[in-house]
A.B. asks: 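Sharing a structure here in structure tokens format.
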Amino acid sequence: MLVIIEKYSAMLLGALGKTILLTLLSLIFAMVVGMIFALMNVGKNRVFNFIGTLYVDAVRGVPLIVLAYFIFFGVPQGIKSLGFQDFRLTALQAGTIALAMNCGAYMAEIIRAGIESVDKGQMEASRSLGLSYGKSMRKVVLPQAIRTMIPSIINQFIITLKDTSILSVIGFPELTNIGKTISGNTFKSLQTWAIVGIMYMIVIVTLSRVAKRIERRMNRGR
Amino acid sequence: MADKKIKVHVQNLKKSFGKLEVLKDISMDIEEGEVVVLLGPSGSGKSTFLRCLNQLETATAGTIVVDGQDVTDKHTDINKVRENIGMVFQHFNLFPHKTVLGNIMLAPVELKKMTKEQAAQTGMDLLKRVGMDAKADTYPSQISGGQKQRVAIARALAMNPDIMLFDEPTSALDPEMVGEVLAVMKKLAADGMTMVVVTHEMGFAREVADRIVFMDAGYIVEQGAPEEIIDHPKEERTIDFLNKVL
């Protein structure tokens, strides 16, 4: 075990950095995607409702690994066949898109549930004062919804972080992929995967602790 | 009263929720400065009628003209009209993430009617009017029901409306807190505010109302001065209702 740590620590830490980078990028886009589709779902416009539901159902109905293959291999092939010969996606780009789409669908559901958890009298009171729907959403409903959403969002954060390991299949050099390389080179599967597992665990446990603290602080301000 | 301006004109208003027709055919005019109290058994459509006036419920048929603006017309800027109609809800609906003063400042600041400083100034004046200025910096969760409702009234007044709608403002209150809210409403009425009030407070209706409108099953059954309706009701359904509440 010590041999592996000694020899491969730089590689492992670099890979962990890539894992975190992929997670953060995906989450940022997922928040935007989630917010857009959540707002489509809670509004009264039937067409938007339909699009929102379709997106969530479609993405949640496809395993992440299939989505990753589709975006990394399938989409560039399709675009090339349209005549754009130079088109290519890096593993990071494809991975970010796949994860952001996947996480975005779950995020949309979290945000929708958060918005719906706010008493409808809040929207009515705001509208009765003359504020538009959008302004009421931004100033009255969402600030309250976010409080109830925070635990679920952090939970999703952790799931997404773990899901980055799935993207080892498209060759992105994140932690799991590097783990494969190291265990292949050293034949020390037990030690390698124990180390990789512990690295994930440290990051995730730290995150959950921070999450708990944020949650507690927000509840105190209530 | 004859030469007074008509503030609200309702013509053949109908409202259905799916197959359930809640308002069947309501026509009514409300004059400037008039205090109208809506009475009637639950499910009679009083609240729905009130909520149609500022279009929290969209009318199924008929017209509602508020201050010369047809609010049932899709081209009317409903947000603008609403600035002129304050509404007070049964469950207060204060914004829990804002302080008492913050609740009152929200609309004037967001709708760019005032700067933050001006809004804070008028907000404090309004809080004084309802006797809540000492609690300006507390959050709604820290005050009592009666205090919440007084703040809600101040909030509804923040855009300087000339019509106020009250949807059972004392129904969610402990009995000992009803008086403080009614006192604020009486003061408003005395200052000449046009008010439409859904309430079960017969004392308030008798003392403050210019007109009582008795509704049942989506229709106006009868209306008139408080003494007329409360002491000498003509319709069977009114007599029946009054026997139960008095």
Side-chain angles (χ1 to χ4, degrees), chain A residues 31 34-35 38-39 42-50 110-154 211 213-222, chain B residues 47 50-58 71 77-99 102-113 119 139-142 148-149 151-161 163-167 172:
Chain A
M31 286 295 277
M35 185 61 85
L39 288 174
V42 296
K44 278 191 180 141
N45 186 308
R46 292 264 175 87
V47 179
F48 284 167
N49 289 166
F50 177 76
I110 291 169
I111 296 172
R112 182 191 57 74
I115 290 172
E116 281 170 1
S117 76
V118 176
D119 179 53
K120 75 176 181 20
Q122 292 290 309
M123 176 59 93
E124 287 184 349
S126 178
R127 295 306 306 273
S128 80
L129 290 166
L131 272 71
S132 65
Y133 178 82
K135 257 199 179 129
S136 302
M137 213 27 134
R138 273 204 314 280
K139 295 290 171 179
V140 174
V141 178
L142 283 176
Q144 297 179 56
I146 282 169
R147 290 183 167 216
T148 58
M149 277 156 28
I150 293 238
S152 310
I153 287 179
I154 288 164
R213 194 167 298 173
I214 295 173
E215 220 181 302
R216 224 176 295 142
R217 185 170 322 156
M218 294 209 79
N219 282 337
R220 216 180 299 146
R222 202 171 283 226
Chain B
S47 286
L50 201 68
R51 292 162 57 85
C52 280
L53 294 182
N54 67 352
Q55 290 290 290
L56 282 184
E57 304 292 352
T58 46
V71 298
D77 181 0
I78 188 63
N79 294 329
K80 265 263 150 321
V81 181
R82 280 178 179 150
E83 289 179 18
N84 211 23
I85 312 174
M87 186 160 195
V88 176
F89 300 85
Q90 181 178 358
H91 296 289
F92 330 122
N93 300 356
L94 290 179
F95 307 133
H97 60 302
K98 296 201 171 288
T99 62
N103 264 272
I104 296 169
M105 286 168 60
L106 178 76
V109 171
E110 283 305 316
L111 299 172
K112 310 237 177 336
K113 296 276 151 149
Y139 282 86
S141 59
Q142 297 164 300
K148 279 181 196 165
Q149 199 59 298
V151 172
I153 293 173
R155 179 179 68 180
L157 289 168
M159 292 303 289
N160 199 21
I163 302 169
M164 286 283 281
L165 309 177
F166 293 86
D167 190 2

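By convention in this document, chain letters (A, B, ...) are assigned in the order of the sequence lines, proteins followed by strands, and residues within each chain are numbered from 1.
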A.B. asks: Rounded at 0.5 Å granularity, tell me how far CD in B/E110 sits from CG in A/L129.
C.D. replies: 11.0 Å
A.B. asks: Hey, could you give me the OG/CD distance between A/S128 and B/Q55, rounded to the nearest 0.5 Å?
C.D. replies: 13.5 Å
A.B. asks: State the OG-CG distance between A/S126 and B/N93, to the nearest 0.5 angstrom.
C.D. replies: 10.5 Å
A.B. asks: Chain B: which of A/L131, A/D119, A/V118 shares the most heavy-atom pairs with it under 4.5 Å?
C.D. replies: A/L131
A.B. asks: Specify the closest pair of heavy atoms between A/A125 and B/F95, including all atoms of both residues, with the distance to one decimal.
C.D. replies: CB-CE2, 4.0 Å
A.B. asks: About how many Å separate NZ of B/K98 and CD of A/Q144, when rounded to the nearest 0.5 Å?
C.D. replies: 9.5 Å
A.B. asks: Quick one: pull up CG in B/L56 and CE in A/M123 and give me the separation to the nearest 0.5 Å.
C.D. replies: 11.0 Å
A.B. asks: Can you tell me if B/N79 and A/R127 form a side-chain donor-acceptor pair at under 3.5 Å?
C.D. replies: yes
A.B. asks: Roughly how far, to the nearest 0.5 Å, is NE2 of B/H91 from CD of A/E124?
C.D. replies: 11.0 Å
A.B. asks: Can you tell me which portion of B/R155 sits under 4.5 Å from chain A's heavy atoms? Options are side chain, backbone, both or neither.
C.D. replies: both
A.B. asks: By a 4.5 Å heavy-atom criterion (distance strictly below it), what part of A/K139 contacts chain B: side chain, backbone, both, or neither?
C.D. replies: both
A.B. asks: Quick check for you: among B/Q90, B/E83, B/H97, which has the greatest number of heavy-atom pairs under 4.5 Å with chain A?
C.D. replies: B/H97
A.B. asks: Among the options B/N54, B/L111, B/V81, B/L165, pick out the one with the most heavy-atom pairs lying under 4.5 Å from chain A.
C.D. replies: B/L111
A.B. asks: CZ of A/F50: more than 12 outside heavy atoms within 6.0 angstrom?
C.D. replies: no
